[in-house]
Each structure stands twice: as structure tokens, then as C-alpha cells.
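One structure is given here, and the rest of the page talks about it.
Treat the numbers as computed from the prediction; the structure is a model and nothing was measured.
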Amino acid sequence: MRVLVTGASRGIGRATATHLAAEGADAVAINYHESADAASDTAAAVEERGAETVTLQADVGDSGQAADLVTQAVDAFGGLDAVVNNAGVVSPARATDIDDVQWQSVLGVNLDGAFYVTRAALPHLEKSAGDVVFLSSIGGTAGTVDASYAASKAGIHGLTRALAREYGEDGVQVNAVAPGPVDTELNGDIVDYLERVDFRGHENLDTHLPEYACSPEEIAKTVAFLLDSEFTHGEIVNVNGGMQLAATSTRRGRPARWRRGCVGSRVRPRRPESPTPR
């Protein structure tokens with residue numbers, strides 16, 4: 001298998017690249033934006049596990065650079081069998097504090113970048129009956145973190161299913177992984193933000209994060225499963241240690257209609273129904 005992993009210099013991307021190499025991938029292209037040294041470290045780890053590798057610098061949020069990235073990977077390996085769209089950023093803020101530049105920068109990488117890379121890769125994946133895996137987040141369904149991040153990940157869910165419908169008949173398998181808290185630098189940025197703004201329900205995040213945060217390697221295993229599976233298509237695979245279940249549980253004796261979950265959501269009680277005229 002010849003695979004391109006975006007944002008592979010650290011975190012989930014690095015874990016995925018090294019895990020795929022250990023599982024027998026023939027070649028892994030390591031994309032990075034700014035961290036050249038970290039990307040080289042990932043490449044060395046991939047080579048130690050027996051796979052051919054190449055490091056490729058590109059800002060995936062730029063459509064031209066994304067297209068060139070795919071071309072370089074194809075030229076290096078003679079084709080492409082899978083793309084793992086992992087590159088992502090977070091710049092958490094309350095909606096009224098998000099300016100246009102900040103909004104576009106988050107969606108530009110997380111959503112536009114994933115589309116640009118996939119669009120360029122699809123002709124090659126059609127030839128190899130390959131796979132696309134997107135890295136999403138529980139934020140795409142639960143609205144966690146902030147508006148820009150949640151919107152970008154919700155977009156990934158729609159993109160995953162739309163592409164699965166469009167390209168399934170052409171032999172391209174498309175899925176996404178939606179992690180909860182993962183032990184990465186990006187997740188640390190999120191928790192720092194929640195502490196800074198005294199996010200409602202943050203006490204529950206404090207309670208659940210140590211129990212539910214998983215390692216990047218755990219997410220990498222899920223990506224590897226999707227690339228190996230021949231009968232999983234158009235799916236958003238949640239890997240969050242039960243975080244969604246915790247979000248709907250009753251805490252501190254509150255009735256279920258007034259509950260706070262570990263994502264800080266709050267459900268308003270229903271208004272009493274008007275008496276039915278007799």
C-alpha cells in the first residue's frame with residue numbers, strides 16, 4: 001500500500017504513518033507544513049519499520065500546493081492507494097471574537113484542505129481502487145470547542161458521505177474517524193481555551209478527560225482498520241471512550257431534562273403544555 005498522510009509531523013498523523021509502516025505499508029508520504037525537523041523524525045521512524053518514505057512540504061489549505069503534494073507523492077511511489085487527511089488546526093474563541101481571518105484559517109485547513117487533497121488524489125485512487133480516510137472530531141456532532149472548529153468537522157462528515165456516494169461505484173472507499181480527546185498538543189490547546197473562558201461544563205471535562213483521553217496510536221489503529229476493511233464505507237467511526245454517552249448522563253442528581261455532559265451542553269426543560277380545552 002502506498003499512502004499519503006497529511007499533517008504527519010506530529011500527533012495523530014505521526015502515529016498513523018508509523019503504525020501503517022509497522023503494519024506492512026510499502027510506502028508512506030509524510031506531509032508537513034512548517035515542522036521540517038519533526039517530519040524528518042517521522043520519516044526516520046517509518047523507515048525503521050520497513051517502509052519507503054518521502055517528506056513533502058505543503059500548505060494543504062492552498063489548492064495549488066495540495067495538488068502539487070499529491071503529484072509529488074504519486075511521482076515518488078508510482079501511484080497512490082490511500083490518503084489520510086489528518087492535517088488540522090484549532091484557534092478556539094467565542095463566536096463574537098472570531099474574525100474573518102481566523103474563521104477562514106481554520107476552515108481553510110480542516111475542511112478546504114481535506115477537499116483539495118482528496119480532489120487531486122481521486123483520479124489516482126480510482127485507478128487503484130483506493131481509500132480515503134478523513135480525521136474528524138466529536139466536535140463535528142457535539143459542537144464542542146468553538147464554532148469554527150465544530151463547523152469544519154461537521155463539514156468533514158458531510159464531505160465523507162457525499163464522496164462515498166459519488167465514488168463508491170468507482171471502487172474508492174471513503175470513511176472518517178471522529179476522535180474524542182486525544183493526548184496531543186492540539187488537544188492541550190483546546191483544554192487551555194476552555195479554562196481561559198470558564199466554559200460551561202468544563203468541570204465535567206476535568207472529570208472525564210483523564211479517563212477518556214486516548215493515545216494517538218489508538219486513533220492510528222482505527223485508521224489502519226478502515227484501510228484494511230473491504231466492507232466499511234461512508235462511515236463516521238467514533239472513537240471517544242464513551243464520551244457521547246457521558247454527555248447524556250445525569251450528574252449530581254440533576255433530572256435528565258437539566259443535564260450537563262462532558263462536552264458542556266445544557267438542555268433546556270420543555271415548556272409545560274397548555275391545558276387541552278375540554
Side-chain angles (χ1 to χ4, degrees), residues 1-60 65-88 113-114 116-118 120-136 171-177 179 182-186 214-230 232-233 237 239:
M1 178 174 62
R2 302 158 296 181
V3 57
L4 165 63
V5 183
T6 67
S9 63
R10 61 178 182 170
I12 294 172
R14 176 172 182 166
T16 298
T18 55
H19 182 76
L20 293 177
E23 290 294 301
D26 300 297
V28 182
I30 308 300
N31 161 248
Y32 69 97
H33 182 204
E34 296 177 341
S35 306
D37 290 342
S40 296
D41 291 341
T42 301
V46 167
E47 289 178 340
E48 288 175 3
R49 289 159 176 78
E52 181 184 352
T53 188
V54 61
T55 58
L56 302 171
Q57 192 280 332
D59 174 5
V60 297
Q65 291 187 44
D68 289 343
L69 168 66
V70 171
T71 298
Q72 291 173 45
V74 170
D75 289 345
F77 301 148
L80 201 58
D81 302 303
V83 171
V84 179
N85 287 288
N86 168 75
Y116 294 152
V117 171
T118 303
L122 279 169
H124 305 286
L125 297 176
E126 287 180 280
K127 294 177 182 178
S128 61
D131 290 76
V132 178
V133 176
F134 295 100
L135 266 295
S136 183
V172 180
Q173 191 165 275
V174 186
N175 294 288
V177 180
V182 183
D183 187 14
T184 64
E185 292 179 28
L186 185 144
C214 71
S215 68
E217 288 72 24
E218 191 68 27
I219 307 304
K221 293 176 186 177
T222 308
V223 173
F225 159 75
L226 291 173
L227 295 180
D228 184 61
S229 173
E230 295 182 358
T232 308
H233 183 57
V237 181
V239 185

Partners meeting side chain to side chain donor-acceptor pair (under 3.5 Å) with [X] (sequence neighbours left out):
| X | answer |
| --- | --- |
| Ser9 | none |
| Ser128 | none |
| Asn31 | none |
| Asp131 | Gln173 |

State which residues pass side-chain contact (heavy atoms from CB on, under 4.5 Å) with [X]; sequence neighbours excluded, sorted by chain then number.
| X | answer |
| --- | --- |
| Thr222 | Val177, Val237, Val239 |
| Ser40 | none |
| Ala66 | Tyr116, Val117 |

Next on the checklist: To the closest 0.5 Å, what do you measure between CD (Gln65) and CG (Leu56)?
Outcome noted: 12.0 Å
Item to check | Pairwise distance NZ(Lys221) to CG(Asp228) - rounded to 0.5 angstrom | outcome: 15.0 Å
Item to check | Residue pairs, two or more places apart or on separate chains, that pass salt bridge (charged side-chain N to carboxylate O under 4.0 Å, His left out) and touch residues 42-55 | outcome: none
Item to check | Pairs touching residues 70-82 that satisfy salt bridge (charged side-chain N to carboxylate O under 4.0 Å, His left out), sequence neighbours left out | outcome: Arg2-Asp81
Which donor-acceptor pairs under 3.5 Å do side chains of residues 15-26 form with protein atoms, sequence neighbours excluded?
residue : atom : partner : partner atom : Å
Thr16   : OG1  : Ile12   : O            : 2.8
Thr18   : OG1  : Arg14   : O            : 3.0
Thr18   : OG1  : Ala15   : O            : 3.1
Asp26   : OD2  : Met1    : N            : 2.4

Over all heavy atoms of both residues, which pair between [X] and [Y] is shortest? Give the atoms and the distance, please.
| X | Y | result |
| --- | --- | --- |
| Asn85 | Phe134 | ND2-CE2, 3.4 Å |
| Val3 | Phe77 | O-CE1, 4.3 Å |
| Ala87 | Thr6 | N-OG1, 2.9 Å |
| Thr55 | Ala39 | CG2-O, 3.8 Å |
| Ala121 | Val70 | CA-CG1, 3.8 Å |
| Thr53 | Ala43 | CG2-O, 3.7 Å |

Item to check | Polar side-chain atom of Ser229 near backbone of Thr232 as donor-acceptor pair, under 3.5 Å | outcome: yes
Next on the checklist: List the residues meeting salt bridge (Lys or Arg N to Asp or Glu O under 4.0 Å) with Lys127, not counting sequence neighbours, and say none if there are none.
Outcome noted: none
Next on the checklist: Could you walk me through whether Ile219 and Leu135 satisfy the side-chain contact (heavy atoms from CB on, under 4.5 Å) test, starting with their C-alpha distance in whole Å, then the side-chain angles of each, then the deciding distance to 0.1 Å, before giving a yes or no?
Outcome noted: CA-CA 9 Å; Ile219 307 304; Leu135 266 295; 3.7 Å; yes
Checklist outcome for this item: The side-chain contact (heavy atoms from CB on, under 4.5 Å) partner of Asn175 among Leu226, Val223, Val132 is Leu226
